[in-house]
Amino acid sequence: AQGGDAGSGGDAGGGEGIEIAMISKGFQHQFWQAVKTGAEQRAEELGVTITFEGPASETEVDAQLQMLQAAIDRSPDAIAYAALDPEACIPLIDAAGAADIPVVQFDAGCDSDVPVSIAKTDSLGAGALAADHMAELMGGEGEVAIVGHSQINSTGVERRDGFVDQMEAEYPDIEIVDIQYGDGDHLKSADIAKAMIAAHPDLKGIYGTNEGSAVGVVNALTELSLTGDDLTVIGFDSGKAQMDAITNGLMAGAITQNPIGIGAETVQAAFDAINGETPEEVIDTGYFFYDADNMTDEEIAAVLYE
Amino acid sequence: MSLESVGTADRSRNLSNEAGSIVTTKLLEVQGISKSFPGVQALKDVQFELDRGEVLALVGENGAGKSSLMKILSGIYTRDEGTISFEGRPVEIEGPRAAQALGISIIHQEMNLMPHLTVAQNIYIGREPRSLGGFALRERALNKKTAELLARLRIDLDPRQEVGELTVAKQQMVEIAKALSVDSKVLIMDEPTSSLTASESETLFRLIEGLKADGTGIIYISHRMEELGRIADRVTVIRDGRYVGTLAKGSFDVPTIIEMMVGRHIDENARPTAIDTHDNDVVLKVEDLSTRNFINGVSFELRRGEILGFAGLMGAGRTEVARAIIGADPRTSGTITVNGKVVSITKPTDAVRHGIGYLSEDRKSLGLLLGQTVSENILLPSLPNFSNALGFMQPAKGRNVAKRYVDQLKIKTPSVQQVTKLLSGGNQQKVVIAKWLERDCDILIFDEPTRGIDVGAKDEIYALLTDLAARGKSIIVISSELPEVLRLSHRIAVMATGRITGFLDNEKASQNTIMELATRGHE
Amino acid sequence: MTTSTPPTPTPSAKNPEQINPPGGAERRGIGQVLRSQLQQSLAFATLVVLIIFFSVSSSSFFTVSNISGILLSTAVIGILAVGTTFVIITGGIDLSIGTGMTLCAVMTGVFITNMGLPLVVGVIGGIATGALMGFINGFNITFLGLPPFIATLAMMLIAQGLALVISGVAPIYFAEQAFKDIALGTLIPGLPNAVLILFLCALVAYVVLSKTILGRYTFAIGSNEEATRLSGVNTRKWTILIYTVAGIFTGIAGVVIAARLGSAQPQLGTGYELQAIAAVIIGGTSLLGGRGSILGTLIGALIMSVLINGLRILSIQTEWQNVVVGIVILVAVFTDSLRRRREA
Amino acid sequence: MTTSTPPTPTPSAKNPEQINPPGGAERRGIGQVLRSQLQQSLAFATLVVLIIFFSVSSSSFFTVSNISGILLSTAVIGILAVGTTFVIITGGIDLSIGTGMTLCAVMTGVFITNMGLPLVVGVIGGIATGALMGFINGFNITFLGLPPFIATLAMMLIAQGLALVISGVAPIYFAEQAFKDIALGTLIPGLPNAVLILFLCALVAYVVLSKTILGRYTFAIGSNEEATRLSGVNTRKWTILIYTVAGIFTGIAGVVIAARLGSAQPQLGTGYELQAIAAVIIGGTSLLGGRGSILGTLIGALIMSVLINGLRILSIQTEWQNVVVGIVILVAVFTDSLRRRREA
Ligand SMILES: Nc1ncnc2c1ncn2[C@@H]1O[C@H](COP(=O)(O)OP(=O)(O)OP(=O)(O)O)[C@@H](O)[C@H]1O
Ligand SMILES: Nc1ncnc2c1ncn2[C@@H]1O[C@H](COP(=O)(O)OP(=O)(O)OP(=O)(O)O)[C@@H](O)[C@H]1O
Ligand SMILES: [Mg+2]
Ligand SMILES: [Mg+2]
């Protein structure tokens with residue numbers, strides 16, 4: 001827990017020379033790339049430098065901790081962290097606190113008192129919003145299935161649970177007949193969706209909980225020569241394939257969070273913390289349902305990414 | 001063929017006549033053993049018996065079933081029929097451990113060593129000196145014990161050397177030491193001398209005499225007929241898996257045994273027909289060949305139509321010279337000239353391209369694709385000749401060629417599609433020979449070509465090599481059997497400790513002159 | 001006193017099963033070949049049992065659409081498995097096929113979408129990428145003397161990194177329908193082209209492996225590389241060629257997955273190598289080298305995808321699916337080894 | 001017949017460097033042993049070069065805290081690698097160590113958190129889970145005759161599934177600080193206990209491998225299983241024991257990772273097996289069996305974590321990191337194989 005005085009510690013104050021280390025949950029998925037984009041944009045505006053890294057898959061809690069450890073040893077001016085597990089990170093985040101490195105969080109938090117803020121979306125609420133739109137499009141009744149991207153990491157669980165809970169609470173005539181997980185792998189998700197469609201001939205809708213899952217479902221439809229009229233598909237996140245599918249009518253619509261906003265707000269919060277200001281404790285960057293009608297709206301278009 | 005005369009002293013017959021009244025518990029008694037494999041009846045109603053303190057030699061052609069019989073006795077195969085009595089009691093030998101427990105140990109025809117372990121670790125595998133409740137190794141004690149054993153057996157090996165680094169011959173000595181390190185009642189030796197030179201063989205024979213004196217019964221398998229008179233008390237002959245007969249000491253001579261084995265007469269003392277090759281073109285010229293480890297300034301010439309023998313003691317460096325020539329091992333110096341042109345040979349492919357083929361002494365690990373068929377093995381070096389321009393194989397053509405060799409060399413196999421691993425040792429060796437015959441190189445280096453091959457087949461192979469030479473091929477024969485070198489070679493190069501110590505023309509060569517050169521540099 | 005009875009040749013009444021040598025089947029009819037090869041692999045029985053079981057358990061299983069779906073889902077892993085069968089028969093292993101496939105997909109995307117080259121050029125470029133990776137693997141193994149596991153593990157990491165770097169950590173989309181048709185078009189009605197490509201790949205691989213000199217050397221090197229080398233075969237050259245061939249199949253798989261997804265997803269691919277290798281081994285090819293067959297590999301790949309599809313159709317929970325797959329693999333390979341033992 | 005003078009032992013001037021036989025080192029001092037073993041592994045040179053390079057490149061690298069961090073990050077993979085060294089020396093492979101570790105962690109969580117058993121019991125239970133898995137692997141390989149790759153691949157899937165099923169697809173948290181201290185406490189100031197456990201494991205493994213009968217048979221089986229069996233060694237029994245020992249190390253790794261994370265993460269573990277196996281092979285153990293060392297494995301594991309940590313310290317982009325790691329692995333193993341070749 002030492003080393004706070006090494007490296008670039010001395011000349012903080014203005015934007016120049018400030019380094020913010022962002023430890024994300026991942027980096028390969030489009031969602032995280034969008035967070036990175038937002039962060040980089042804001043960093044450029046503020047004149048600070050950022051590093052952005054994350055493990056290859058969102059199950060690699062251990063690898064993420066090692067990244068956090070390495071970041072602390074680099075003694076940056078601030079750390080921005082998105083916890084894969086709320087508890088495992090506590091010792092290291094505390095160590096960062098002890099080394100006087102300000103910590104801000106994004107997407108998911110660590111159960112420690114050190115972090116001063118978190119920029120995130122309410123995934124449960126987003127899942128519920130997906131359920132509302134799905135129910136509306138299905139006419140309030142019928143069978144629906146979920147292709148999840150993870151049954152264990154928080155976004156995967158909350159986007160699913162928000163959807164499931166809302167359906168159970170508000171739409172008694174809608175039955176969730178199957179939930180399977182494709183790791184966000186496009187190919188696997190497509191095969192899962194096809195199996196679901198084969199097994200449940202009366203299926204009226206499928207909800208994909210992230211970009212890979214949703215695009216997989218769309219691919220399944222294409223491969224089976226089905227259209228949006230046969231099956232209501234609601235996706236999550238954006239990306240070109242998903243947006244095209246919505247334009248083409250294969251997908252009814254999707255929920256998007258504001259990853260670019262998350263990235264930007266996180267960097268802003270870190271910058272504020274470095275400069276001794278107190279950022280807002282919870283920064284909710286919001287979520288939206290978008291479909292072919294509102295996709296081009298300015299507010300929506302701003303949070304979508306190809 | 002007169003079996004009358006040889007059968008007179010058939011002790012087994014005599015004793016079995018008396019068996020009803022006298023309680024002579026034989027050490028080992030084997031009756032009516034049969035064993036078949038898919039497509040092969042390896043043994044049919046075979047019998048023999050073994051007394052304490054005697055050496056029973058078991059002979060027969062390649063594939064006669066000798067090794068199979070011994071594998072039954074050592075618990076590796078289970079018999080289909082027959083009884084085995086050990087010390088008068090019928091026994092079932094269910095595995096190698098059961099055989100060991102009975103006191104039967106075996107030196108296998110094919111090497112069975114752990115190459116990454118040391119000599120000592122190999123010899124005492126499973127019987128290591130231990131402490132701390134049998135879990136901790138006492139390595140020092142192990143090495144000491146091994147050093148004592150090796151000294152007692154007069155085997156010159158470092159207990160700490162890794163076995164994989166040893167030559168085949170030395171590995172064979174490790175196998176022998178391993179078998180002798182247990183106090184066994186029955187010791188089976190399946191061609192223990194096939195890779196030994198005369199002097200090591202002699203060491204072994206003295207050991208055998210000692211064991212006999214201690215009452216150990218020994219079953220000794222060999223294709224080297226001259227050894228039988230030296231050590232065997234009785235000789236049992238099997239042929240095509242059947243018992244042919246047993247001859248007692250004094251009542252057998254080599255020609256008789258060979259006739260019982262093979263069914264015809266073979267002249268053991270033949271010499272090459274004197275063809276003068278001295279004026280022929282030099283096809284291979286090796287100058288100042290050295291390797292990093294051992295070989296030092298070896299030079300020689302090989303002429304068209306010549307058979308050049310390489311003789312020497314174990315570890316003299318003959319194999320290493322051959323491997324260096326064909327580019328299997330790196331050279332530190334040396335030029336190789338083929339047909340008057342200096343050639344660059346850095347890998348075996350180059351050697352074959354320049355018409356030099358090398359038959360390795362270690363057929364199991366360097367000579368054969370054990371898991372592949374006889375035909376795949378025979379065709380391997382010549383595959384391009386059996387495929388068209390697009391690389392497609394012409395299977396019928398290949399199969400016919402393989403069949404021709406199976407017939408010509410009398411390879412005992414149910415078909416050319418048999419997996420090579422399942423052939424008897426001698427027949428495997430014939431497969432290796434066939435593959436180089438088919439490749440049709442102008443220069444052939446045969447390293448221990450007749451290892452494990454029966455007398456009859458040997459004679460045929462000698463005839464074959466002589467014929468090849470007569471047709472203009474040039475052949476180097478590396479052999480640890482002096483009679484073989486003398487029988488085949490027009491000229492003999494003798495090596496000792498990595499150098500050539502002299503050349504002998506066949507007329508001037510004898511076992512004595514060769515040994516004199518081979519031990520030079522040892523004094 | 002005579003003791004000998006002249007040995008009479010015993011007719012071999014017992015010759016229950018002949019061991020089937022690679023490529024040694026030419027003189028028999030194709031039907032016989034197929035039958036003997038199928039029998040050789042008890043894996044086939046497992047496949048049939050699985051199909052029957054799932055057909056009985058769910059009426060949705062044995063439908064044209066679902067069977068076609070299963071075949072389509074076998075395509076990518078199947079092509080990878082077919083290619084890597086060569087490598088495994090030589091006694092090697094190729095861990096780079098998963099992420100390597102992804103790199104090939106990305107390169108195809110770069111050629112077609114980013115550089116605007118014609119489809120054919122892009123496809124050939126993608127496949128050539130695979131061939132190049134295979135070549136480098138082979139070079140590293142033969143000339144640098146690296147163990148295949150390490151050489152291809154390193155390549156796996158490098159390919160994974162390069163796929164991300166080259167794509168800019170973003171999918172590359174293909175606009176042209178013609179490209180997507182490579183996987184999803186139906187030259188044969190009802191059968192996606194990707195499946196056709198799989199079968200074509202398998203057929204070519206079968207012919208190469210059992211009818212050509214390359215196939216012979218593949219088995220020979222796997223049987224005993226040193227003995228093969230001493231026989232004058234340029235084992236280095238052939239080994240490099242074999243890895244290159246495997247790389248070509250990796251490239252084809254890359255093109256097919258890109259066509260099927262309509263995009264090159266740079267983060268995909270990890271784990272595909274183990275699935276493909278598993279398919280190969282379930283199909284009876286030995287990791288020790290010298291033994292294997294393309295038909296077996298195909299069956300192995302089908303077992304995996306039938307099993308996974310069936311479990312999905314039955315809506316078995318995802319977490320249980322792995323358990324069941326693991327057990328079925330154990331049982332399938334065990335029964336197969338039983339048969340082998342009985343035969344030996 | 002002439003009897004020759006027995007050949008005098010030629011002094012081995014032609015044997016410049018003695019290849020170090022396993023366990024054949026007792027007559028030399030421990031210093032010498034260490035030195036010869038280190039030399040044996042040029043991997044060590046790679047490690048030193050890497051450390052020097054990163055120390056020069058970044059002042060943050062060679063700090064007490066970062067070195068301790070590197071060691072901590074080596075702990076889990078290191079323990080797995082040490083265990084699996086045994087298996088690899090027998091010529092086998094164990095793909096189940098990654099997810100198996102996770103299952104052990106989950107079971108530890110079940111025992112301690114869910115069932116409220118005392119810490120010690122829970123830890124032993126977790127390790128016993130590993131031993132049981134190893135035992136089953138060994139049984140499947142020896143008695144059912146399955147290839148190690150398949151047997152352990154199946155176990156990998158089964159363990160992965162069971163970890164999810166048993167945990168109810170959610171992390172199990174450990175409340176007691178004492179449990180977390182297993183990994184993060186510092187019996188030796190500045191050195192996390194997890195690192196201590198790694199070194200202890202390595203020491204025990206070293207002793208077992210080089211000084212005990214189990215170690216001897218591990219090498220013997222890997223060198224030539226058939227010959228070992230024919231020598232009367234019950235190879236099945238010992239193989240099962242060896243896999244069980246490897247399983248025990250997997251169990252220890254499971255406890256350590258659970259303690260480090262303060263929770264059992266049921267989805268962790270995939271990919272750890274390849275990292276561990278890579279460490280073993282980088283350390284000079286041969287996948288062909290018969291040859292290997294624990295010290296090498298330790299160095300191999302350190303190379304991997306130093307490299308990854310260094311790249312992170314230098315803020316190399318994540319997507320480039322894999323590329324660099326791949327290349328360094330190639331270079332490290334290549335230089336090592338060069339040395340071996342020069343020696344041979
Ligand atoms: N496991 C096996 N499967 C099939 N055939 C076998 C097997 N073992 C031996 N044979 C066959 O049994 C016959 C006897 O073989 P065996 O090895 O006993 O001969 P041998 O007398 O020892 O010959 P050699 O002198 O060549 O060593 C041979 O035809 C051989 O091919
Ligand atoms: N791989 C090796 N590693 C170390 N030493 C070796 C190796 N191969 C051979 N030697 C040594 O080189 C010397 C020459 O062996 P080589 O095999 O050439 O002798 P040889 O005359 O063919 O005798 P042999 O009858 O044993 O085959 C021997 O002293 C042997 O110990
Ligand atoms: Mg024999
Ligand atoms: Mg020799």
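It should be emphasised that the depicted structure is a prediction, and the values quoted were computed from it without experimental measurement. Order of the sequence lines sets the chain letters (A, B, ...), proteins ahead of strands, with each chain counted from 1.
- For C:R216 against B:L383, the heavy-atom pair with the smallest separation is CB-CD1, 3.4 Å.
- Here the CZ-OG1 distance, from C:F219 to B:T373, works out to 11.0 Å after rounding to the nearest 0.5 Å.
- With a 4.5 Å cut-off on non-hydrogen atoms, B:L368 touches chain C through its backbone but not through its side chain.
- Rounding to the nearest 0.5 Å places CD of C:E226 at 10.5 Å from CG of B:D362.
- Of the residues considered (B:W436, B:F392, B:F386), B:F392 shows the highest number of contacts with chain C, using heavy-atom pairs under 4.5 Å.
- The shortest non-hydrogen separation linking B:S387 to C:I213 is OG-CD1, 3.6 Å.
- Proximity to chain C is limited to the side chain of B:R323, based on heavy atoms less than 4.5 angstrom apart.
- Of the residues B:V352, B:T349, B:L359, B:L366, the one that meets the side-chain contact (heavy atoms from CB on, under 4.5 Å) test with C:L230 is B:L366.
- The line from NZ of C:K237 to NZ of B:K347 is 9.5 Å long, rounded to the nearest 0.5 Å.
- Heavy atoms of other residues, nucleotides or ligands lying less than 6.0 angstrom from NZ of B:K421 number 12 at most.
- Using a distance-only test at 3.5 Å, with no hydrogens or angles considered, a donor-acceptor pair links the side chain of C:N224 to the main chain of B:S365.
- Of the inter-residue distances, the one linking B:M393 atom CE with C:S210 atom OG reads 11.0 Å to the nearest 0.5 angstrom.
- Side-chain atoms of C:R229 come within 3.5 Å of backbone atoms of B:A328 as a donor-acceptor pair (strictly under, hydrogens ignored).
- Across every non-hydrogen atom of C:Y217 and B:P384, the tightest pair is OH-CD, 3.5 Å.
- A donor-acceptor distance shorter than 3.5 angstrom exists from the side chain of B:Q372 to the backbone of C:G290, with no hydrogens or angles considered.
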